[in-house]
Amino acid sequence: MSDPILHVGPTTPDTIHDLAQWLCQEAELAIRDRGRFLLALSGGSTPRQLYTLLAEPSWQQRLDWAHTLVFFSDERDVPPTHPDSNFKMASDALLSHLNPVPQAIYRWHTEYSPAMALADYRHHLTLDNTLPVPPTLDVVLLGVGPEGHTASLFPDRPVLDSEDIVSHTYVPTHNSWRYTFTLPLLNASRHIAFLVTGSEKQEIIDQIFTHQAPVPASMIHPVPGDVHWFLDSASAQRLNPNILPS
Ligand SMILES: O=C(O)[C@H](O)[C@@H](O)[C@H](O)[C@H](O)COP(=O)(O)O
């Protein structure tokens with residue numbers, strides 16, 4: 001298990017820019033080596049700034065979306081037009097602006113029954129059963145909630161013990177159902193990239209990096225993959241300066 005790789009920007013825009021640049025580099029390597037880039041987008045509010053930047057014409061040219069297959073690391077069990085939909089957020093901020101369009105965009109079909117939606121997504125994640133289970137995605141973007149959840153893996157929930165690659169899970173604190181990647185799938189990733197910004201996340205970042213009580217976000221350690229943390233100084237302000245990149 002490799003050590004987490006820290007990228008700390010002085011401001012949120014700096015961190016977003018660094019992550020966008022890193023994504024373009026990983027896409028280039030994946031497409032050079034395997035002819036395609038398997039990318040999972042995260043939901044919530046933080047990544048909107050990243051998606052808006054990537055949608056800018058000058059940035060669109062830097063990532064070969066025509067050879068990129070887009071997945072979603074989790075999704076709220078709502079219609080794709082619902083304001084809570086992660087697909088809607090990513091489409092409004094990024095996907096609907098891309099030209100050329102991505103090679104594929106795999107939306108969670110929340111209009112299906114849970115069993116059918118999960119089967120549909122397993123099929124897409126294994127590229128129509130051509131990849132092993134769990135498949136290795138090139139980059140999975142993730143965020144972290146204030147209590148340490150990531151994707152829709154919340155503390156003390158049965159989904160944390162799932163041996164499947166995807167799950168439909170009830171989140172009591174949000175009184176809602178969600179679809180999510182599971183730990184086996186996340187830990188098969190080539191690269192995990194957490195994007196965490198803002199002083200409201202400083203406590204959970206400190207908890208994760210000082211190895212206090214494990215939370216779902218601290219259970220992500222792919223082998224032989226790696227974990228990158230893209231933080232701004234506000235979310236990283238409690239971290240020991242010795243572990244911060246010089
Ligand atoms: O569907 C979701 O909400 C996300 O997948 C979730 O895991 C998110 O990344 C965290 O809750 C952080 O959300 P913020 O970026 O809004 O703080």
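Predicted, not measured: the structure shown is a model, and the values here were computed from it. First listed ligand is number 1; within each ligand, the first listed atom is number 1.
For atom 12 (C) of ligand 1, the nearest protein heavy atom (residue, atom name, distance) is Val144 O, 3.6 Å. The protein heavy atom nearest to atom 17 (O) of ligand 1 is Lys201 NZ, 2.7 Å. Here the heavy atom of the protein found nearest to atom 5 (O) of ligand 1 is Asp74 OD1, 2.7 Å. Taking atom 10 (C) of ligand 1 as the reference point, the nearest protein heavy-atom neighbour is His149 NE2, 3.4 Å. For atom 3 (O) of ligand 1, the closest non-hydrogen atom on the protein side is Arg76 NH2, 2.7 Å. Of all protein heavy atoms, the one closest to atom 13 (O) of ligand 1 is Gly44 CA, 4.0 Å. Nearest non-hydrogen protein atom to atom 15 (O) of ligand 1 is Thr46 OG1, 2.6 Å. Gly143 CA, 3.3 Å is the protein heavy atom nearest to atom 9 (O) of ligand 1.
Taking the six-membered ring where the residue is Trp, Tyr121 and Phe181 present tilted rings, their angle falling between 30° and 60°. The aromatic rings of Phe230 and His7 lie parallel to each other, their planes meeting at an angle below 30°, with 60° marking the opposite boundary. Aromatic ring orientation, Trp59 versus His17: perpendicular (interplanar angle above 60°, classes split at 30° and 60°).
Both the backbone and the side chain of Ser45 come within contact range of ligand 1, each with a heavy atom under 4.0 Å.
Residue contact annotation: Ala151 has a non-hydrogen atom under 4.0 Å from ligand 1. At a 4.0 Å cut-off, not a single heavy atom of Glu75 sits close enough to ligand 1 to count as contact.
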Exercise. Please test Asp232 against Ser235 for side chain to side chain donor-acceptor pair (under 3.5 Å), starting from the C-alpha separation and ending with a verdict.
Key: CA-CA 6 Å; Asp232 61 5; Ser235 61; 3.0 Å; yes

Quiz item: Would Leu41 and Asn86 satisfy side chain to side chain contact (heavy atoms under 4.5 Å, CB included), going step by step from the backbone distance to the final call?
Solution: CA-CA 9 Å; Leu41 300 180; Asn86 289 335; over 6 Å; no

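Taking every heavy atom of Arg178 and a limit of under 4.0 angstrom, the matching atoms of ligand 1 come to 1 (O), 2 (C), 3 (O).
Classification of Arg48 and Asp92 as a salt-bridged pair fails, no side-chain N sitting under 4.0 Å from a carboxylate O.
Residues His124 and Trp108 place their aromatic rings such that the two centres sit no closer than 6.0 Å.
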